[in-house]
Amino acid sequence: MRFSKMTFFFLLICMLFLSACSQEIITFSGKSENWDVQYELLKDNTHPETKGSIRFIGTEPIPERIEFTIYDTSGNVHLDKNGVYILGKCIGCHVPDALTEIEAIIDWDNKSETIFLEVESK
């Protein structure tokens, strides 16, 4: 069977459109006494991504540095002047197949909190 160039491009566009429709965005969020955490997973068949934010909401002075672990992302980072750290996009990262809750651990100034992040309702 032989396809014309027009048929080939039509099939290519259809495949791209269908693959774009298979993306799934899962947003997790949670709060503790001192922290508000958002974590987003963009799952697709080719390039899964993660991104998110950590915000200090406590009453003490904003810590200068924190150590954090959220699912399989971790770091030792500075917060901005508003007490926020934006997790950079991680393209091609490992993302879970199915979760209803993930754990965020934040350590700062000899303190530690564990926040359970739950899937936000759509």
Side-chain angles (χ1 to χ4, degrees):
M1 181 189 292
R2 194 166 181 187
F3 293 106
S4 69
K5 286 183 180 181
M6 186 64 127
T7 303
F8 175 76
F9 286 117
F10 176 75
L11 290 172
L12 182 62
I13 289 171
C14 287
M15 287 176 22
L16 289 173
F17 177 74
L18 290 173
S19 67
C21 293
S22 67
Q23 291 182 344
E24 177 183 10
I25 298 173
I26 304 170
T27 302
F28 295 86
S29 64
K31 279 187 181 182
S32 69
E33 183 177 334
N34 294 291
W35 302 97
D36 182 10
V37 180
Q38 304 289 316
Y39 190 68
E40 188 174 276
L41 303 174
L42 171 65
K43 294 172 66 173
D44 68 19
N45 296 332
T46 55
H47 298 92
E49 296 179 18
T50 63
K51 63 181 181 177
S53 65
I54 301 170
R55 177 182 311 273
F56 182 73
I57 57 173
T59 57
E60 299 175 12
I62 295 170
E64 186 176 318
R65 294 187 70 81
I66 64 168
E67 289 185 45
F68 74 91
T69 301
I70 303 173
Y71 185 61
D72 69 344
T73 304
S74 63
N76 185 339
V77 298
H78 287 279
L79 299 177
D80 69 14
K81 66 180 180 177
N82 298 313
V84 176
Y85 175 72
I86 303 295
L87 284 76
K89 282 188 177 182
C90 181
I91 300 172
C93 296
H94 170 72
V95 296
D97 290 329
L99 286 177
T100 57
E101 182 179 84
I102 59 177
E103 187 177 83
I105 301 169
I106 302 174
D107 298 314
W108 78 104
D109 298 339
N110 296 317
K111 299 175 188 170
S112 183
E113 283 189 9
T114 300
I115 301 116
F116 294 98
L117 310 180
E118 296 182 355
V119 174
E120 290 184 359
S121 300
K122 295 186 179 190

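Just so it is clear, the structure is predicted and the values come from calculations on it, not from any experiment. Starting from 1, each residue takes its place in the sequence as its number.
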field: Option passing side chain to side chain donor-acceptor pair (under 3.5 Å) with Ser29 (candidates Glu118, Glu120, Glu40)
entry: Glu120
task: Look only at the side chain of Asn82 and the backbone of Val84, and say whether a donor-acceptor pair between them is shorter than 3.5 Å.
output: no
query: Does Val37 reach the side chain of Phe28, with side-chain heavy atoms less than 4.5 Å apart?
result: no
message: Using the rule ring pair (Phe, Tyr, Trp, His ring centres under 6.0 Å), only one of Trp108, Phe116, Phe68 pairs with Trp35; which is it?
response: Trp108
query: Taking side chain as C-beta onward, heavy atoms only, is Thr50 less than 4.5 Å from Leu87?
result: no
query: Atom CG in Leu117, atom CD1 in Ile70: separation rounded to 0.5 Å?
result: 6.5 Å
message: Between Val119 and Ile102, is there shared hydrophobic-cluster membership here, with clusters defined by ILVMFWY side-chain heavy atoms closer than 4.5 Å?
response: yes
- request: Rounded to the nearest 0.5 Å, what's the gap from CG on Asp36 to CD1 on Ile115? Could you check?
  value: 9.0 Å
Separation of Glu67 CD from Ile106 CD1 (nearest 0.5 Å): 11.5 Å
Set of residues satisfying side-chain hydrogen bond (donor to acceptor under 3.5 Å, both in side chains) with respect to Asp107, sequence neighbours excluded: Ser112
field: side-chain hydrogen bond (donor to acceptor under 3.5 Å, both in side chains) partners for Lys111, two or more places apart
entry: Glu60
message: Nearest 0.5 Å, please: how far is CD in Glu33 from CD1 in Ile57?
response: 9.0 Å
query: For Glu113, which residues count as a side-chain hydrogen bond (donor to acceptor under 3.5 Å, both in side chains) partner, sequence neighbours excluded?
result: Ser32, Asn34
message: Measuring from atom CD1 of Ile105 to atom OG1 of Thr114, what distance do you get when rounded to the nearest 0.5 angstrom?
response: 4.5 Å
- request: State, yes or no, whether a side-chain contact exists between Tyr71 and Thr73 at a heavy-atom distance under 4.5 Å.
  value: no
query: Are Ile62 and Val77 linked, directly or through other ILVMFWY residues, by side chains that come within less than 4.5 angstrom of each other?
result: yes
statement: When every non-hydrogen atom of Ser74 is compared with those of Thr69, the smallest separation belongs to CB-OG1, 3.7 Å
